[in-house]
Amino acid sequence: MNNNIRHCIWGILLMGTLSACSGKTASTLQLHSEADLHGLVIATSSGTYYDEKYSQWEDVTLFRTNAETDAVQALRQGKADVFVTDEVVLSKEAQERLGITLAFQGEENFDVAFAVRKGNETLLSEIDRFLSEAKSDGTLDAIIAHWLKGTPAPDFPAQTLESNPVPLRSLTATNLEPVCFLGEGGEWQGMDADILRRFSIWAGRPFEMKFQDFGSCIIALSTGQCDVVAACLFITEERKQSVDFTIPYYKCHPGYFVINADKGAGLSLAERLKMNLVTEKRWKLIVDGLLETIKITLLSILLGTILGAGVCACRRSKRKGLRSLAGLYGDFINGMPTLVLLLIMFYVIFANAGLSGSLVAIITFALCFASSAGNIFDTAISSVPVGQTEAGLSLGFTPFKTFMGIVFPQALRKGLPLYSGECVSLLKSTSIVGYIAIQDLTRASDLIRSRTFDALVPLLVVTILYFVLAWLLRLLLNLFLTKK
């Protein structure tokens, strides 16, 4: 077993290293304006203004990604010729480290603002009033200058007594310095986070911020799962149809980034480990994500097992209606992707219930697990010969004692191997909870990747941890089977 683990780890390391080394080695692409983009492959995030704009160009190829981190990787690996995003998204230090450079700045300029759910006039007016006051006294300009030009930061206001205990639930689609990024200690920093944190103090509310893909941010905002979205958002007429914007706090230009052939020397594995795990104590993200994954997995298995017993009872019922209901439930669950069900549960069914994302995830995975567990229980019980039950009843045992003392132990031994496999499958399925802003193990790796732009180390660490969790889960269930 130890040799298998060692070989698996070395295999992943080798593949990751080869992948990381297969970048673009051509000379720096010379671009001066949008006229030079014709015929090129353009990488950008899905759902952004740039996605909408260049999808209408017939002579360019769009390489759409869910996050800007992946778009940068596409550029570095030669899958795209140019990466377009907001000019302020990549700091000079990040460009030097990544080996990319700003080819040119777009002529367009856009007002940047925060997005608020339509109809939430109270919050919109409060943020507008705060921004107006911050502009008048120079605080807003000082904040922007601090994060974009490195000037001293303005004094932070003293924390006042919270007059409103309801937190300001913020989402960001950007985890890039200097706009908005997860800094040391797990605290969100950057221009957008700084402004919203000061607003929270001004409004007397606790401040919360989570990371989410851009498209999911807008969905969460429209369904009331968050209060405000901060992602260096451009104000466009099309977006105004879906959300309300605060007054602008900055003007931004598009930035067109290309590979810089003279920069971006590779880092050693030790340096990459330090950058991904030690710097800013990013290992804490992995630990927190690991605990969240374990919590969701174990509680889902527990609840799903209880529900699965109910499904099994319905499948074995003498009432045709209950059997049909159990069959319909199984067909529905098996015919729907788990991710789609999770999104429906979070953004539709429990949108206004006030439940946390973790609780919604546990309910969703438990419902999926119950269907499989019910089938396993039914099959295992059916595999026990009917004569065993008849023998118990003939000896004077009650039906309950016959089942628990004779049938159940035999069914358990036959069904537990399949049951353990379903438990491991559920563990792996939890990797999708990041779609509803839960920081699990997979989302933790995404957060680290979006800061370091290094895919190898975060994904390698997460892969090993999932492997260990699955192995331990099987081991515990096998020990339980051995004792039985």
Side-chain angles (χ1 to χ4, degrees), residues 11-87 89-91 94-106 173-176 213-216 254-267 269 272 275-276 431 434 442 445-460 462-463:
I12 296 171
L13 272 171
L14 178 60
M15 289 186 294
T17 303
L18 292 175
S19 174
C21 294
S22 60
K24 192 171 183 176
T25 57
S27 59
T28 303
L29 186 64
Q30 300 298 319
L31 301 176
H32 304 287
S33 68
E34 287 189 340
D36 299 326
L37 298 177
H38 296 285
L40 300 181
V41 179
I42 301 175
T44 190
S45 298
S46 299
T48 61
Y49 165 77
Y50 310 110
D51 181 10
E52 299 169 5
K53 176 179 179 178
Y54 292 111
S55 63
Q56 301 176 23
W57 285 33
E58 296 182 355
D59 55 349
V60 301
T61 301
L62 270 183
F63 190 98
R64 296 181 177 90
T65 63
N66 289 330
E68 289 166 322
T69 307
D70 299 325
V72 171
Q73 286 296 100
L75 176 65
R76 298 180 67 199
Q77 294 173 359
K79 298 175 183 177
D81 301 302
V82 58
F83 165 48
V84 57
T85 185
D86 309 335
E87 57 167 327
V89 162
L90 290 173
S91 64
Q95 293 179 45
E96 287 282 332
R97 176 167 54 83
L98 296 171
I100 62 179
T101 187
L102 179 64
F104 69 94
Q105 185 185 85
T174 301
N175 187 24
L176 297 171
D213 298 331
F214 180 78
S216 298
Y256 297 82
F257 297 88
V258 297
I259 288 292
N260 186 347
D262 301 324
K263 300 290 182 180
L267 299 176
L269 181 59
R272 295 169 78 172
M275 178 179 65
N276 285 278
S431 61
T442 302
S445 73
D446 291 340
L447 288 170
I448 294 174
R449 284 195 306 120
S450 61
R451 288 285 287 129
T452 64
F453 294 92
D454 183 9
L456 172 62
V457 173
L459 292 178
L460 175 63
V462 168
T463 298

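Heavy atoms only: backbone and side chains are in, while hydrogens, waters and symmetry mates are out. Since we're looking at a predicted model, the values are computed, not measured.
Atom CG in Leu90 sits 9.5 Å away from atom CZ in Arg97 (nearest 0.5 Å). Atom CG of Leu460 sits about 11.0 Å away from atom OG of Ser445, to the nearest 0.5 Å. Between the CG atom of Leu102 and the CG atom of Leu31 there is a distance of 10.5 Å, given to the nearest 0.5 Å. Atom CZ of Phe63 sits about 10.0 Å away from atom OG of Ser46, to the nearest 0.5 Å. Interatomic distance, Leu447 CG to Thr442 OG1, rounded to the nearest 0.5 Å: 11.0 Å.
Residues Ala43 and Phe83 approach most closely at O-CD1, 3.3 Å, considering heavy atoms. Closest approach of Phe257 to Leu75, counting heavy atoms only: O-CD2, 3.6 Å. When all heavy atoms of Ala173 and Asp213 are compared, the closest pair comes out as CB-C, 4.2 Å.
Proximity of Asp86 to Tyr50: side-chain heavy atoms (C-beta onward) are separated by under 4.5 Å at one or more points. A 4.5 Å side-chain heavy-atom check between Leu176 and Thr85 finds every atom pair outside the cut-off.
The side chain to side chain contact (heavy atoms under 4.5 Å, CB included) test applied to Asn276 returns Arg272, Ile448, Thr452, Asp454, Val457, Pro458, not counting sequence neighbours. Not counting sequence neighbours, the partners of Asp70 by the side chain to side chain contact (heavy atoms under 4.5 Å, CB included) test are Thr65, Ala67, Arg449. For Gln30, the side chain to side chain contact (heavy atoms under 4.5 Å, CB included) partners are Thr28, His32, not counting sequence neighbours. Residues satisfying the side chain to side chain donor-acceptor pair (under 3.5 Å) criterion with Tyr256, sequence neighbours excluded, are Glu34, Tyr54. Taking the side chain to side chain donor-acceptor pair (under 3.5 Å) definition, one finds that Thr69 meets it with nothing, sequence neighbours left out. With sequence neighbours left out, the side chain to side chain donor-acceptor pair (under 3.5 Å) criterion links Thr101 to no other residue. Every residue meeting the side chain to side chain donor-acceptor pair (under 3.5 Å) condition with Tyr49, not counting sequence neighbours, appears here in chain and number order: Glu108. Scored by the side chain to side chain contact (heavy atoms under 4.5 Å, CB included) test, Gln105 finds Glu87, His253 as partners (sequence neighbours excluded).
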Quiz item: Taking it one step at a time, do Leu29 and Ile259 satisfy side-chain contact (heavy atoms from CB on, under 4.5 Å)?
Solution: CA-CA 7 Å; Leu29 186 64; Ile259 288 292; over 6 Å; no

Quiz prompt | Candidate pair Asp81 and Val41, rule side-chain contact (heavy atoms from CB on, under 4.5 Å), full reasoning | solution = CA-CA 5 Å; Asp81 301 302; Val41 179; 3.7 Å; yes

Self-check item: Asn175 vs Arg451, side-chain contact (heavy atoms from CB on, under 4.5 Å): CA-CA, chis, key distance, verdict
Solution: CA-CA 6 Å; Asn175 187 24; Arg451 288 285 287 129; 3.4 Å; yes

Practice problem: Carefully, step by step, assess Trp57 and Ile42 under the rule side-chain contact (heavy atoms from CB on, under 4.5 Å). | Solution: CA-CA 11 Å; Trp57 285 33; Ile42 301 175; 5.6 Å; no

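Sorted pairs that involve residues 35-45 and meet salt bridge (charged side-chain N to carboxylate O under 4.0 Å, His left out), not counting sequence neighbours, are lacking altogether. The salt bridge (charged side-chain N to carboxylate O under 4.0 Å, His left out) pairs that include a residue from residues 58-69 are Asp51-Arg64, where partners are two or more places apart or lie in different chains.
The backbone N or O of Phe453 lies less than 3.5 Å from a partner atom in the side chain of Arg76, making a donor-acceptor pair.
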